[in-house]
Structure formats: C-alpha cells, structure tokens
Amino acid sequence: MAGTDKKQATWGGRFREGPSPLMARFSESVSFDRELARFDIQGSTAHAKMLAHVGLISHEDRDAIVQGLAAVLCDIEAGRFEWKEELEDVHMNIEQALSVKVPAAARLHTARSRNDQVATDMRLYLRDACMQIMAYVEALIAVLVDFADANKDTLVPGYTHLQRAQPVSVAHHFLAYVEMFARDRQRFAQVFEEVNVCPLGSGAIAGSTLPIDREFVARELGFVDAEGKPRFTQNSMDAVADRDGFIDFAHACALCGVHMSRVAEDMILWNSAEFGFILLPDAYTTGSSLMPQKKNPDSMELVRGKSARLQGNLHSLYAMVKGLPLTYNRDLQEDKPPVFDSMRQTAACLQVLAAALKGAKMSPARCASAVADPLLLATDLADYLVKKGVPFRKAHHIVGALVAMAEDMALPLDKLPDAEVLALDPALGSDWREVFDLKRAIAARERPGMPGSAQVAERIKYWRSRAK
Ligand code: ARG
C-alpha cells in the first residue's frame, strides 16, 4: 500500500510521502499510551519551565505553554480531546493539540526527544502505580489481619502435601498471607525508589548541545532523594534504553499475583463441600446457568487465573528487551501494554480479594471436626517421647508403629488400648493420651513465629501498629 500525500506533522520533513494507512495503523500507540497523558503533560510542563529557566525560551512562551498544556489536560479529562491515530502516540497528539492553542508549542521539544520523554512519562507512571498498588496491598493486609483477629480461637488442620499435618489457628494461617503481602508492599516501595530518577535531558541518545539544567527538571518532577536532592540518570544511552523499572514493576506484580493465587487456591479448597471451612459471600461467587444448586468461587478462580497473565506480562518484557542493541528501538513501544495490564489486573485482584475475604465467614463446626483428627498430634506424641529421653528418630519410629496399629485396629490414634500402647516402649507412660489435647498442643508452641495464641496476638498487634 502506497504512502499518503499527507506528511507526518512532526518528523515528516525528509519524507516525500506520508506513511501508508497500513503502516500508520501498525505503528500507532496512541490507542494505549494515551494512558500516559497526564504524566506526559506533567513532564512537558516541567521541561518548559526548565527551558525558560536557562533562557532557551522566553517567560511569555513558558507561560503560554504551561497554560496551554493545562487546557489540553482539561480537554482530555473532560473527554473532549480528539485522539488522532495518524499522530502515532500520546506525545505527538498532545504536542500537536498544544500547537493549535499556542504558537510557542513549536519551541517545547527543544533539547528533548520522544526517547527521553517516554522514559520520563513511564517513570512518573510507575511511581504513581507503585503508590496505588501499595495502598491496595495495605487495604488487603488490614482485611487479613481483621480476619485473623476475628478467628483467633478457631483451629484448623495445617496441611503439607495437602495432607493433614499439624493443628494451627485460622489466625496463624491468615497471618502467613500477611507476611507475603508485607513483602510485596516492600517490593513496590523498592520499585518506586528505583524508578525515582529523572531521565529527561538524555535526548534521543546523546543528550543535547543546548545548555539545559537537568537538576532543575528533576527537582520540578519530584525526582529527589530523602534529603530533597535531585536524582537524574548518569548515562544518556542507558537512560533511553533501560526498561529495568518496567520489569521490576511487572515482577512485583507477578509475585504479588502468585501470593494472591495461593490465597485464592486455599479459599477455593476451604469453600468446597469437602472442606467446608469457609463460606464465601454471595456477592463474590456466581451461579451456574445449568445447575441450580451451584455457588462457584469465581472471584478466587479469576484471581488465580489472572496471576498467570501477570507472569505472561513479565515474560513479554523480558523477551522484548533481551536482544536489543543499544539504545532505543521501536520494539520498546510494545513495553507499555504489559505494564499497564499488570497495573490494572493487580489492582483489581487486590481489591476483589480484600472485598471477598471481608465478607467471608468461617464454619467453626466443620473446622472443629477436621482438627479433631488425633493424627494431627502424632508429632506431639513423638516430642513427648523425646522429653522422656528417647532419641527423635526412635520416637518417630515408635509413633509410626502406633499409627500403623491404629490403622490395623481401625481405631483413632488416641483410642488405642493402653495395654497395647504401653507394651510398645517403656518411655510410653499412662499419661500418653494427654498429648491429644488441642489447647495444650497450641499452648506448647509459644516461641517466635509459632502458632501459640500469645505469639499470634503479638503478631496481630504488630501488624495493626504498622498500619497506623
Ligand atoms: N511511541 C514511542 C514509544 O512508546 C515513543 C518513542 C518514539 N521514539 C522514536 N524514536 N520513534 O516507544
């Protein structure tokens, strides 16, 4: 398909014809990068102020540009803005719209390239995204801590290999998730730190011959350290080629997604008739079009499913950057959809998970009957023998023999006849059955990180104080 007569408005000078309609459609990014509009305007506003500060444009031109950009933002926010595919991307759409309002717009792109411009926009976007996600993570943590607190006294079997292992409180189980999400929060804070460095002034690849002030623009955009000192990139080639912050953000989302998926999987199991430990709220479940009785945990299944998508986004970014020669290559335009998608899906999953868990109710009777399984305390019986001086390996063996005996006699472990039990080893005394007391078992686990009630209460207190 031949090119059009209409030359490209910003870079068309050296071309005899415009891009073919096929190429224009293929190369546009405005359909998705318009998401960056407010950051692009923020960046351009700071850039115009810097240009005036160093005398590259007049103060009148600066004021006209700054006001014009504010008016463009108003149009965009009011839905009045007409996005044009033939202008390729968000940057050129905004610059073009500005030029209709103010002639000084023609001076805005002085000492700047779309390469450092888009890198700046994305760092502003990622800073904002990290702040938003951190707030959603904190809200989810608050729900989990409340849930733990409300169910401190309910015990459930803890599982390894999805086989009943040892008793824990629901609170201890939910606080395990809190630990994961607190690490996620920290990870997003680190991504914020990493991207909080200004690339503006790197130009297309080699900076600019014009007397720009990189510190000024960095400060203007809030790219500063804890002491307020401006932070800006130190190599213009790296600055326009670097997508590490995107990958780190996508990784933080993917890992947070994995954590959410593990919670979701537990909830799907717990909500099943087979477990019956928890009841998910109607508002976060759906029915079947065919089977009238069904109440499906779709919210949790979608969280689990979307976590795969978050991993896919991370992988796309890795694959995209891997073989690129320095510096900017147009491949990098494809870096935005995965980042935007990770942001949106992570935010959505965090909100849905928090809301669904807020409305969930434990079923204490079902938990009590599952946790009454005496096999859950087989390890405690081995510990009982250790306290009587039996080496652990031997104690393990003795209890194993008792478990086999219980299986053979079709009796619960704690209902084996004394005569048979005591005959097995002299270390087994008439008090052996006292081990099978859940309260005692939990109370015996009061060292740091264990499920003892005092430990758990301490941890709840800790998380509540962190939230303030
Ligand atoms: N839309 C482009 C992107 O997102 C902006 C940078 C374009 N730079 C260029 N040299 N064509 O990557």
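Each ligand, and each atom within it, is numbered from 1 in the order the structure gives.
- Annotation: His315, atom NE2; neighbour count of heavy atoms from other residues, nucleotides and ligands within 6.0 Å does not exceed 12.
- Between Asn115, Asp33, Val90, it is Asn115 that holds the heavy atom closest to atom 10 (N) of ligand 1.
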*Would you please test His109 and Arg112 for side chain to side chain donor-acceptor pair (under 3.5 Å) and show each step?*
CA-CA 5 Å; His109 213 53; Arg112 187 178 71 170; 3.2 Å; yes
*Show the numbers, then the answer: is there a side chain to side chain donor-acceptor pair (under 3.5 Å) between Asp266 and Tyr177?*
CA-CA 11 Å; Asp266 271 349; Tyr177 304 142; 2.4 Å; yes
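- The minimum heavy-atom distance between Ala347 and Tyr136, with the atom names listed, is CB-CE1, 3.6 Å.
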*Determine, stepwise, if the pair Asn313 / Ser342 fulfils side chain to side chain donor-acceptor pair (under 3.5 Å).*
CA-CA 7 Å; Asn313 290 338; Ser342 285; 3.0 Å; yes
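- Note: an N/O pair closer than 3.5 Å links Gln333 and ligand 1 by distance alone.
- Remark: minimum distance from atom 11 (N) of ligand 1 to any protein heavy atom is reached at Arg114 NH2, 3.5 Å.
- Close approach of ligand 1 to Asp89 (heavy-atom distance below 4.0 Å) involves ligand atoms 1 (N), 2 (C), 5 (C).
- Looking only at heavy atoms of the protein, atom 7 (C) of ligand 1 is closest to Tyr328 OH, 3.5 Å.
- Annotation for Ser208 and Ala111: closest pair OG-CB, 3.5 Å, computed over non-hydrogen atoms.
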Less than 3.5 Å apart, which donor and acceptor atoms pair up between the side chains of residues 188-198 and the rest of the protein, not counting sequence neighbours?
{"residue": "Asn196", "atom": "OD1", "partner": "Arg127", "partner atom": "NH1", "Å": "2.8"}
{"residue": "Asn196", "atom": "ND2", "partner": "Val224", "partner atom": "O", "Å": "3.2"}

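- For ligand 1, the polar-atom distance check finds no N/O of Arg330 at less than 3.5 Å from any of the ligand's N/O atoms.
- Close approach of ligand 1 to Lys336 (heavy-atom distance below 4.0 Å) involves ligand atoms 3 (C), 4 (O), 12 (O).
- With a 4.0 Å heavy-atom cut-off, ligand 1 is reached by no atom of Gln117.
- Each of the following atoms of ligand 1 lies closer than 4.0 Å to a heavy atom of Ser29: 1 (N).
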